[in-house]
Amino acid sequence: DTGVSQDPRHKITKRGQNVTFRCDPISEHNRLYWYRQTLGQGPEFLTYFQNEAQLEKSRLLSDRFSAERPKGSFSTLEIQRTEQGDSAMYLCASIPRVSGGAWNTQYFGPGTRLTVL
Amino acid sequence: AQSVAQPEDQVNVAEGNPLTVKCTYSVSGNPYLFWYVQYPNRGLQFLLKYITGDNLVKGSYGFEAEFNKSQTSFHLKKPSALVSDSALYFCAVSPRKSGFQKLVFGTGTRLLVSP
């Protein structure tokens with residue numbers, strides 16, 4: 001499968017625990033995005049990487065959230081001291097290198113569903 | 001700030017009938033517009049996009065959408081619905097800005113196609 005993959009697909013944790021999610025983008029896609037989708041809502045942008053550089057962060061990304069993309073390939077999203085309000089689907093998307101101002105389609109992974117008890 | 005409105009939480013249509021899922025947007029300047037579909041427990045699948053050119057955009061699975069600048073709308077359409085089209089549909093907008101290309105999504109419209 002050459003699509004975007006995410007791991008785990010489901011995570012149940014207790015309030016106060018730390019969790020980490022992984023996203024593997026499509027090979028050679030240099031741009032990577034994280035979104036959060038709560039029940040009954042559309043996805044909301046969290047953060048963006050171009051290669052290994054984190055270039056944009058949403059105000060939704062509190063200090064408890066941290067994302068990395070150390071080698072410009074896979075990315076991780078960590079949530080520390082989880083709260084019940086963190087329960088959501090966390091989606092990752094990637095797009096290939098953009099040239100000359102062209103706009104490329106974002107390809108989404110299946111998501112990680114987090115439940116905080 | 002950019003935003004997307006999907007005024008219908010759910011659209012019901014009989015199989016074989018035409019379907020329309022509505023979307024209006026608000027963005028400074030000219031937008032990039034997208035439709036994605038989400039099946040249960042799965043990520044978003046790209047259907048189609050409007051970047052420039054012809055206002056009628058054709059996409060995957062027989063779907064099309066019409067960009068209407070004066071009405072700031074980008075409605076999704078299909079001439080003949082299938083039961084398998086039942087899913088959650090999201091309209092999204094991105095401003096024409098170089099560099100990072102954040103998508104702003106609507107709240108989604110659930111399409112239910114009855115046999």
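Labels below follow one simple rule: chain letters A, B, ... track the order of the sequence lines, proteins then strands, and each chain is numbered from 1.
Of all the listed residues (A:G109, A:P43, A:G40), the one sharing the greatest number of non-hydrogen pairs under 4.5 Å with chain B is A:P43.
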Below 3.5 Å, can you tabulate the donor-acceptor pairs from side chains in residues 77-84 of chain B to any protein atom, sequence neighbours excluded?
{"unit_1": "B:K78", "atom_1": "NZ", "unit_2": "B:Y61", "atom_2": "O", "d": "3.1"}
{"unit_1": "B:K78", "atom_1": "NZ", "unit_2": "B:D85", "atom_2": "OD1", "d": "3.1"}
{"unit_1": "B:K78", "atom_1": "NZ", "unit_2": "B:D85", "atom_2": "OD2", "d": "2.8"}
{"unit_1": "B:S80", "atom_1": "OG", "unit_2": "B:G16", "atom_2": "O", "d": "3.4"}

I'd like to know whether B:V37 forms a side-chain contact (heavy atoms from CB on, under 4.5 Å) with B:F90, so could you lay out the CA-CA distance, the side-chain angles of the two residues, the decisive distance to 0.1 Å, and finally the verdict. CA-CA 6 Å; B:V37 59; B:F90 289 97; over 6 Å; no
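Residues of residues 106-115 of chain B that come within less than 4.5 angstrom of chain A, heavy atom to heavy atom, are B:G106, B:T107 in numerical order.
Not counting sequence neighbours, the partners of A:Q37 by the side-chain hydrogen bond (donor to acceptor under 3.5 Å, both in side chains) test are B:Q38. When the ring pair (Phe, Tyr, Trp, His ring centres under 6.0 Å) test is applied to A:F65, no partner is found at least two apart in sequence or on another chain.
With a 6.0 Å cutoff to the six-membered ring centre and a 45° limit on the axis angle, A:R31 does not count as a cation-pi contact of A:Y48.
Taking the six-membered ring where the residue is Trp, A:Y35 and A:F108 present tilted rings, their angle falling between 30° and 60°.
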